[in-house]
Amino acid sequence: MAGLRVLVAASEVAGFAKTGGLADVAAALPRALAKLGNQVAVVMPYYTAVRRSGVPIENTGIVLPVPMGGRVLATRVLRSRLPNSDVPVYLVEHQPFFERDDPATGRSLYQRAMPSGYKADYPDNAERFVFFSRAVLELVPHLGFMPDVVHANDWQTGLVPVFLSEGYRTQSGYQRTRSVFTIHNIAYQGMFGRDVLNLTGLPAWLFNPAQLEFHGHLNFLKAGVVFADAVSTVSPTYAREVQTAEFGCGLEGLLAGVHAKLSGIVNGCDYEHWDPTADRHLVAPYTAETVFSRKPLCKAELQRRFHLPEDPDAPVLGMIARLVGQKGIDLVLSAAPGFLDLGCQIVVLGDGDREYHDELQGLRDRHPDRVGLFLGFNEGLAHTIEAGSDLFLMPSRYEPCGLNQMYSLRYGTPPVVRTTGGLADTVVNATVENLADGRATGFTFGDYTPAALYETVKWALTLMRDRPADFQQIVRTAMAQDWSWDRSAAMYEALYRKVCNLV
Ligand code: ADP
């Protein structure tokens with residue numbers, strides 16, 4: 001089968017500029033697609049972060065005329081490559097829009113720190129991403145190939161499918177190009193005033209509740225959903241959940257209405273970086289064959305790092321998370337006294353909201369010999385926790401995909417997760433039936449309550465202590481799972497073929 005030609009448009013790409021998981025997908029998916037034999041290019045803005053990232057950058061000589069509200073802005077395009085690949089990354093340069101980020105002064109890609117300490121969106125975000133989305137389509141004739149698919153991501157590129165459908169598709173060359181739009185987190189929709197429509201050059205009649213309008217506002221994410229030929233989210237369960245009022249952030253009706261073109265593909269996991277057999281952060285790297293003799297050494301190291309007693313018999317519950325409401329920290333805090341009564345040690349690595357910092361610090365101060373805490377971002381410690389814990393806690397309220405549970409599977413540290421989003425799709429619960437079938441990889445619960453989390457951990461400890469053969473089988477099955485990017489990229493490729501009628 002001939003390879004596809006794909007242009008991935010994203011507002012951030014890991015290695016160039018990153019604020020979250022979208023950047024990881026935008027860096028890993030194109031590389032994996034190229035490995036499968038597809039011709040792929042990536043396009044993103046040229047931020048200050050890109051200039052400072054140290055990636056080699058060349059000029060292309062391309063200057064795009066980007067129409068913006070009656071004016072045309074001339075825009076230079078630079079080029080780099082995704083590391084270890086031939087995939088070009090086109091960088092759209094427009095200094096007033098994109099070269100303002102500076103972590104030292106609290107300016108990130110989309111937000112700036114206010115004197116009060118709060119973060120606020122840049123007031124011209126709509127202009128910045130109308131401009132970028134338009135530039136994506138102006139770039140197409142310069143790629144050296146006509147894309148079968150333009151793959152846009154999140155609200156920043158939500159207008160790409162609109163421009164394609166309502167403008168460019170009538171022009172020669174673009175007729176056969178289809179659009180795919182991926183929602184990485186529906187909580188961020190890009191909502192702006194109606195006047196932004198003037199900047200886009202789109203006809204005013206598109207501003208109606210069935211198309212671009214959302215309660216009097218222009219909603220970029222909604223625009224992407226309405227106009228894309230296919231819409232995806234980052235797990236099948238999240239694709240179902242966003243069609244409900246609990247998770248849809250107001251767009252549930254729209255998404256339910258387009259369910260026929262909506263699907264979910266779990267993100268891949270970077271197994272080069274998260275590989276227990278060759279992890280330089282571990283005192284005793286291990287394979288599925290050596291896990292039971294070497295993982296205890298990693299556990300002892302974890303206990304040492306957190307100044308906890310080196311007790312091999314105390315089950316260690318590990319957690320790594322942004323400390324925000326989404327992640328279920330409140331459940332862990334409420335269930336913690338019960339965990340300690342069961343003889344557990346608890347280790348938490350995270351950074352985020354002040355209230356969680358304070359409460360976790362309180363817990364640690366009350367039980368300094370039972371609770372380990374690191375508030376901040378620390379890559380090495382994250383690896384140490386994934387390897388050294390006996391169970392990994394991820395009781396999220398919602399989780400579009402989630403990566404930590406996939407790392408813990410690979411590290412033979414059974415995850416204890418709530419059945420939501422990607423957690424529901426990647427962890428198989430240790431029920432009696434699943435154990436008998438040899439399918440179980442972890443422990444799941446449904447109710448968002450401390451009692452449900454507590455009971456699930458208690459069941460896991462019962463298996464660990466009283467039925468070690470069953471627990472060891474869970475560890476082995478977990479380590480054998482494949483949540484690689486190769487797998488996810490093959491699923492995206494199938495989606496692209498479907499949307500292009502090439503199946
Ligand atoms: P989310 O994208 O919602 O933050 P994920 O589980 O998908 O959650 O991914 C989180 C990623 O960030 C993982 O790679 C995790 O190891 C890492 N991470 C989160 N907090 C920290 C921290 N404090 N220190 C180190 N790594 C962290």
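Bear in mind that the values here come from a model prediction, so they are computed numbers and not experimental data. Numbering of ligands and ligand atoms starts at 1, following listing order.
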Item to check | Ion pair Asp275/Arg280, N-O distance below 4.0 Å | outcome: no
Next on the checklist: Show me the pairs that pass ring pair (Phe, Tyr, Trp, His ring centres under 6.0 Å) and involve residues 376-401, at least two apart or across chains.
Outcome noted: His273-His383, Trp274-His383, His281-His383
Check residues 223-230 and write down every donor-acceptor pair under 3.5 Å in which the side-chain atom is one partner and the other belongs to a residue at least two apart or another chain.
residue, atom, partner, partner atom, Å
Asp229, OD2, Arg169, NH2, 2.8
Asp229, OD2, Ser179, N, 2.8
Asp229, OD2, Ser179, OG, 3.3

Checklist entry - Does Arg51 have any salt bridge (Lys or Arg N to Asp or Glu O under 4.0 Å) partners at least two apart in sequence or in another chain, and if so, which? => result Glu99
Item to check | Check ion pair Asp330-Arg397 (N to O, under 4.0 angstrom) | outcome: yes
Protein N/O near ligand 1 N/O, under 3.5 Å, which pairs?
residue, atom, partner, partner atom, Å
ligand 1, 3 (O), Arg322, NH2, 2.8
ligand 1, 3 (O), Lys327, NZ, 2.7
ligand 1, 4 (O), Arg322, NE, 2.7
ligand 1, 6 (O), Leu403, N, 3.0
ligand 1, 6 (O), Asn404, N, 3.2
ligand 1, 6 (O), Asn404, ND2, 3.4
ligand 1, 7 (O), Leu403, N, 3.0
ligand 1, 8 (O), Lys327, NZ, 3.1
ligand 1, 14 (O), Tyr407, OH, 3.4
ligand 1, 16 (O), Asn404, OD1, 3.1
ligand 1, 23 (N), Gly376, O, 2.8
ligand 1, 24 (N), Asn378, N, 3.0

Item to check | Check ion pair Lys295-Asp390 (N to O, under 4.0 angstrom) | outcome: no
